[in-house]
Amino acid sequence: MIPREIGPRIYSIGAVDWDRRIFDELIPLPDGTTYNAYLVKGNEKTALVDTVDPSMGGVLVENLRALGVKNLDYIVANHAEQDHSGALPQVLKLYPDAKVLASPKCKEMLVDLSLSPESRVLSVGDGEAISLGDKTLEFMHAPWVHWPETMLTYLRESEILFTCDLFGSHFASSDLYVSDEAAVYEAAKRYYAEIMMPFRTVIQKHLEKIKNLPISTIAPSHGPIYDKPNFIIEAYREWVSAPPSNLVVLPYVSMHGSTKEMVRYLAGCLVKRGIAVKQFDLARTDIGKLAMALVDAATIVIGSPTTLAGPHPNAAFAAYLVGILRPKLKFASAIGSYGWGGKMVEQIFGMISNLKVELIPPVVIRGYPKAEDYEALERLADAILSKHEEHRIVDRIT
Ligand code: FEO
């Protein structure tokens, strides 16, 4: 994208990746993404805040040239992941006097990951500031959003907080600022669910830390800039802190229809009892949608047939994913069908054993559901309802 001014001598100079459809060879990107980088020109010194994915290094360099940047004093690296630091070697080569400013941990990682020369990377402490003349950059260490080295950078005079991944969204757009709040909310929630959810507790602390900071603008490194920062701060507060909703997530896979029939019947039983359901066919679903549902759900019920004595690999993948995303679920169960036996449930429960969930007895049947199996599913729905009532789990807008 072309350079655009977001404040006096402050420019957005990153790249829009309209066509990228997967991140980390795992995360679907239905709306593409952006790699935002920002140029801050003080009356004495100039700093670049973050770079871009290596595939888009040319865009960044072109934008630096378009703005006539002859000398770059600093490159702030808020995060060492390659989509922000990958173009660092290219920029360092172009500006041989530029120094990289990073947290101590980030310094180590930049040397390891982007092969940046150690002598050109300076560590900055939490709370440390540098002057660009009439502009000041303050560094706030904010580890684990979502790597151990992450930090935020605050441009004091303009009250702009550069947050890199935190508050970001994979949302390609020519809009510099959020214009369609509903669309960006959806993309930011997806981003939170896939990237930030495992770090809920630490994010609560970071939100506390910035609570009293005057912020006019949040400039993340993915997606549109927030000129109304409360929009995303309040959304994050809700996602990290609000109690789970009266919602059951039902990811399932079915080879010959038995498990699917169980899911269909259980979903009806739950709805009849006033419990919302979101079900996902794991052979087809966008896992980002599943992750988003997990932001709010109180209960998960994983549905799987027995395949070669264990869960279907798609169900194993989902269970493993839920385990590592660590949503605020309170209860878990499983349902499924088998032909001649196996350890499907034990293996699924093993994969989510790190979650602080109470397990509700599963319903595992032989073959296609029969009258007594439907009754067992009714009892499972009763058990879920009674747990939700006991823990005062109520409907919330999700
Ligand atoms: Fe956008 Fe963690 O990189």
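Ligands are counted one by one from 1 in listed order, and the atoms in each one are counted from 1 as well.
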>> Quick check: closest heavy atoms across G342 and T306, and the distance to 0.1 Å?
In response: CA-CG2, 4.1 Å
>> Taking 2.8 Å as the cut-off, does H146 contribute an N, O or S atom near atom 2 (Fe) of ligand 1, distance below it?
In response: yes
> Rounded to 10°, how big is the angle at atom 1 (Fe) of ligand 1 from H84 NE2 to H222 NE2?
Replying inline: 90°
> Taking 2.8 Å as the cut-off, does an N/O/S atom of H79 lie below it from atom 2 (Fe) of ligand 1?
Replying inline: yes
> Nearest to atom 1 (Fe) of ligand 1, which N, O or S atom of D83 do we find?
Replying inline: OD2
> Only one of N36, D50, D165 clears side-chain hydrogen bond (donor to acceptor under 3.5 Å, both in side chains) with H84; which?
Replying inline: D165
>> Which heavy atom of K135 sits nearest to which heavy atom of K41, and what is that distance?
In response: CE-O, 3.1 Å
> Restricting to N, O or S atoms of D165, which is nearest to atom 1 (Fe) of ligand 1?
Replying inline: OD1
>> Under 2.8 Å from atom 2 (Fe) of ligand 1, is there any N, O or S atom belonging to E81?
In response: yes
> Do the charged groups of E238 and R396 touch, with an N to O distance under 4.0 Å?
Replying inline: yes
>> Tell me whether E194 is salt-bridged to R190, with the criterion being a basic N under 4.0 Å from an acidic carboxylate O.
In response: yes
